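Data block below; observations after.
One-based numbering, in listed order, for ligands and for the atoms of each. This one's a predicted model, so the numbers in the text were calculated from it and none came from an experiment.
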Amino acid sequence: MSLDLADIQGLIHHFYGYPKTRHLLIEIGNPAVGMSLLKFLASRVTSAADSLNPLPESVLNVGITYRGLEALGVNAQFLKRFPQEFRDEPDQVTMGDFGASDPANWWNGRFQTQQVHLVVHLYGQSLEALDKTTAEIREMANGNQELLPTESGGVIEGGWLGDTPGELHFGYHDGISQPTVRWDDGPLQPGEVDYRRFILGYATREISSSPLKFASDPSSSLAEELGRNGTYSVFRWLYQDVARFNQFLESEGPKAFPELSSKDAQELLAAKLMGRWRDGTPLIMSPTTPNQALSSRNDFDYADDLDGRKCPFSAHIRVTNPRNQKLDDASTDPSGAPRVIRRGAPYGPKLTGTVDDQVDRGLVGMFFCASIVRQFYKQAIWMKENNFSPVFPNQHSQDPLANRLTPDASNQFLIPTATGDRTVTLQDFVTTKGTAFFLLPGVQTLHRLADGQFQ
Ligand code: HEM
């Protein structure tokens, strides 16, 4: 079987090459006005089958939270079939959102996470293109309330930091590694991931899906349809403290690698934290220097780095995708390491140097999966406490981008080298500013929701 790409939102299936993005958050006023807005959005939504050649001025995709489904008047019989973690608020402990990242501080305190019902992800060639579509949506939004989370009461928007996609604050390059999804039922080739890890509604004995149909409950069949061809999206709004990160590299780099010049030591420390040099070159392929020719490579694993001398065990990409590294049995899903499809873009202006300008900047990250618990939460747990593989000498080290306030977590980042272990003391570089769980429904489901068919 091949999936009907016309029924799957484009953002799930591919990365849009747009320089500008905006995320409109909306609280639904009542089912009638919610459905009327959704009708408009469903008529404009971009599917995975839509041609992007030539590239339209802008495209849009739509997500709905559990509270949003409630606000649309979806029948409780169907709602109860959604997994508990989607029905609940994002879990602070699981994600390690403590201190400044505490959910009480999210959205700059301007509204509660429960108020977030809809998100419209806009991508455009220019701000004008985004403004045009935003104005149309706002006109249709009558009776619903737009939630404006930035400090100055604006929308979350971002885009490329430079002339091409990929550069992030902290100077790293993103957009290289994604799961290679097998979008049909053909035999999985090595390295491919079944579409059921991301697309709902096609449960098998091995890969479950939720909402799920139960023979004993006829209404569950419609609940399954509500999910079919959708995905769960974890939306994370993350502040990055660039000045602090650069100060850390400046002071700790030369201490960790006194044999190098200060500049080279800082670059090497940055690479050790990520597992890739800042241009994207994987440390596994080129452990001592970045190499532009290797900067987009993703065909590597950790089999010949069992001592972590090329890539530290706690490096961000080794934690979030340990590839073929041995995992502890207890933490292993039969399918292996959890994978998520990642979309996102930086927001806020670029900052170089070590002086903070007090301007907000960071990353809007979206993580798509068929199970928030088995995929996204699992990665988050692994990030905040590296205890999932025998390679970790103690079980409390952390991903450098995790929050240091997790109880029992260690701020010591171990860098094994041929001449002995080096250790640096991590700081908090990233603060969570908001999180919401959306269902990015199938295109037909959006239309049906707009027609009140699930009430
Ligand atoms: C501000 C916070 C973050 C920054 C700056 C960041 C940055 C990066 C960068 C530069 C890469 C390497 C690019 C690539 O391989 O394509 C990467 C990879 C990745 N990140 Fe993050 N990330 C952040 C937060 C997160 C979070 C919260 C998660 C999920 C829990 C996550 C999951 C991943 C995954 C799964 C990969 C791919 C690893 C691989 O396949 O090798 N990241 N990230």
Side-chain angles (χ1 to χ4, degrees), residues 15 90-91 94-97 101 158 161 165-181 191 193 197-198 232-242 244-245 270-285 290 294-302 311 314-325 336-348 350 360-369 372-386 388 398-403 406 426 428-435 437:
F15 170 77
D91 191 70
T94 303
M95 296 186 297
D97 283 330
S101 295
L161 283 184
E167 187 185 342
L168 297 183
H169 296 297
F170 297 167
Y172 294 107
H173 207 80
D174 197 3
I176 307 162
S177 172
Q178 293 284 357
T180 310
V181 183
V193 186
R197 300 276 170 214
F198 310 102
Y232 293 112
S233 167
V234 175
F235 180 89
R236 292 277 270 171
W237 187 25
L238 302 167
Y239 167 73
Q240 291 177 253
D241 192 338
V242 173
R244 179 181 257 203
F245 186 75
K272 294 283 187 187
L273 299 176
M274 183 52 66
R276 289 186 185 271
W277 294 89
R278 293 211 266 199
D279 72 349
T281 307
L283 273 179
I284 288 292
M285 292 183 144
L294 300 172
S295 62
S296 307
R297 294 284 290 272
N298 199 29
D299 52 333
F300 61 90
D301 60 38
Y302 299 106
C311 178
S314 295
H316 180 60
I317 66 162
R318 195 164 178 168
V319 170
T320 52
N321 183 11
R323 301 178 189 233
N324 63 345
Q325 180 173 297
R339 306 297 305 279
V340 292
I341 294 176
R342 296 180 303 126
R343 302 283 180 251
Y347 74 90
K350 191 165 166 167
D360 192 13
R361 58 174 59 77
L363 179 75
V364 176
M366 289 170 278
F367 305 91
F368 299 156
C369 52
I372 293 170
V373 164
R374 285 197 306 277
Q375 293 164 268
F376 175 77
Y377 269 171
K378 189 81 161 195
Q379 282 193 351
I381 290 169
W382 285 9
M383 280 177 75
K384 70 176 184 156
E385 202 169 4
N386 301 160
F388 55 88
Q398 289 190 299
D399 184 301
L401 301 174
N403 188 313
T406 297
L426 296 169
D428 268 353
F429 306 117
V430 176
T431 305
T432 307
K433 289 176 65 80
T435 305
F437 295 163

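The single protein non-hydrogen atom nearest to atom 32 (C) of ligand 1 is T320 CG2, 3.6 Å, given as residue, atom name and distance. At the top of the distance list for atom 15 (O) of ligand 1, counting protein heavy atoms only, stands R276 NE, 3.1 Å. Nearest protein neighbour of atom 27 (C) of ligand 1, counting heavy atoms only, is F367 CZ, 3.9 Å. For atom 30 (C) of ligand 1, the nearest protein heavy atom (residue, atom name, distance) is M383 SD, 3.5 Å.
Of the inter-residue distances, the one linking R342 atom CZ with Q178 atom CD reads 5.5 Å to the nearest 0.5 angstrom. Interatomic distance, I317 CD1 to N298 CG, rounded to the nearest 0.5 Å: 7.5 Å. With rounding to the nearest 0.5 angstrom, the CD atom of Q375 is 6.0 Å from the CZ atom of F198. Atom OG1 in T320 sits 15.0 Å away from atom NZ in K378 (nearest 0.5 Å). One finds the CE atom of M274 at 7.5 Å from the CG atom of L168 (value rounded to the nearest 0.5 Å).
Cation-pi contact between R276 and Y172: absent, since separation from the ring centre below 6.0 Å together with deviation from the ring axis within 45° is not met.
Taking the six-membered ring for Trp, F245 and F429 have ring centres closer than 6.0 Å.
The distance from ligand 1 to the heavy atoms of F376 drops below 4.0 Å at these ligand atoms: 30 (C). Below 4.0 Å from some heavy atom of M274 lie the following atoms of ligand 1, by number and element: 7 (C), 8 (C), 9 (C), 10 (C), 11 (C). Counting the atoms of ligand 1 from 1 in the order shown, those under 4.0 Å from a heavy atom of D174 are 11 (C), 13 (C), 14 (C), 16 (O). Residue L401 has at least one heavy-atom neighbour below 4.0 Å for each of these atoms of ligand 1: 3 (C), 4 (C), 6 (C), 22 (N), 23 (C).
Checking Q240, R278, H173 against atom 5 (C) of ligand 1, the nearest heavy atom belongs to Q240. Nearest-heavy-atom check against atom 12 (C) of ligand 1 across I317, L273, D399, D241 picks out I317.
For G175, the closest heavy-atom approach to ligand 1 falls below 4.0 Å.
For Y172, no nitrogen or oxygen atom sits less than 3.5 Å from a nitrogen or oxygen atom of ligand 1, counting backbone and side chain alike. For ligand 1, none of its N or O atoms has an N or O atom of Q379 under 3.5 Å away. At least one N/O-N/O distance between I176 and ligand 1 falls below 3.5 Å. An N or O contact shorter than 3.5 Å links H316 to ligand 1 by distance. Between S177 and ligand 1, an N or O atom pair is found at a separation short of 3.5 Å. Below 3.5 Å of separation, one finds an N or O of R323 facing an N or O of ligand 1. Residue R342 has at least one N or O atom closer than 3.5 Å to an N or O atom of ligand 1.
Classification of the Y347-W237 ring pair by plane angle, with boundaries at 30° and 60°, yields tilted.
Considering only heavy atoms from C-beta on, M285 comes within 4.5 Å of D299 through its side chain. The side-chain heavy atoms of I341 and F367, taken from C-beta on, include no pair separated by under 4.5 Å.
Between the side chains of D399 and H316, at least one donor-acceptor pair of N or O atoms lies under 3.5 Å.
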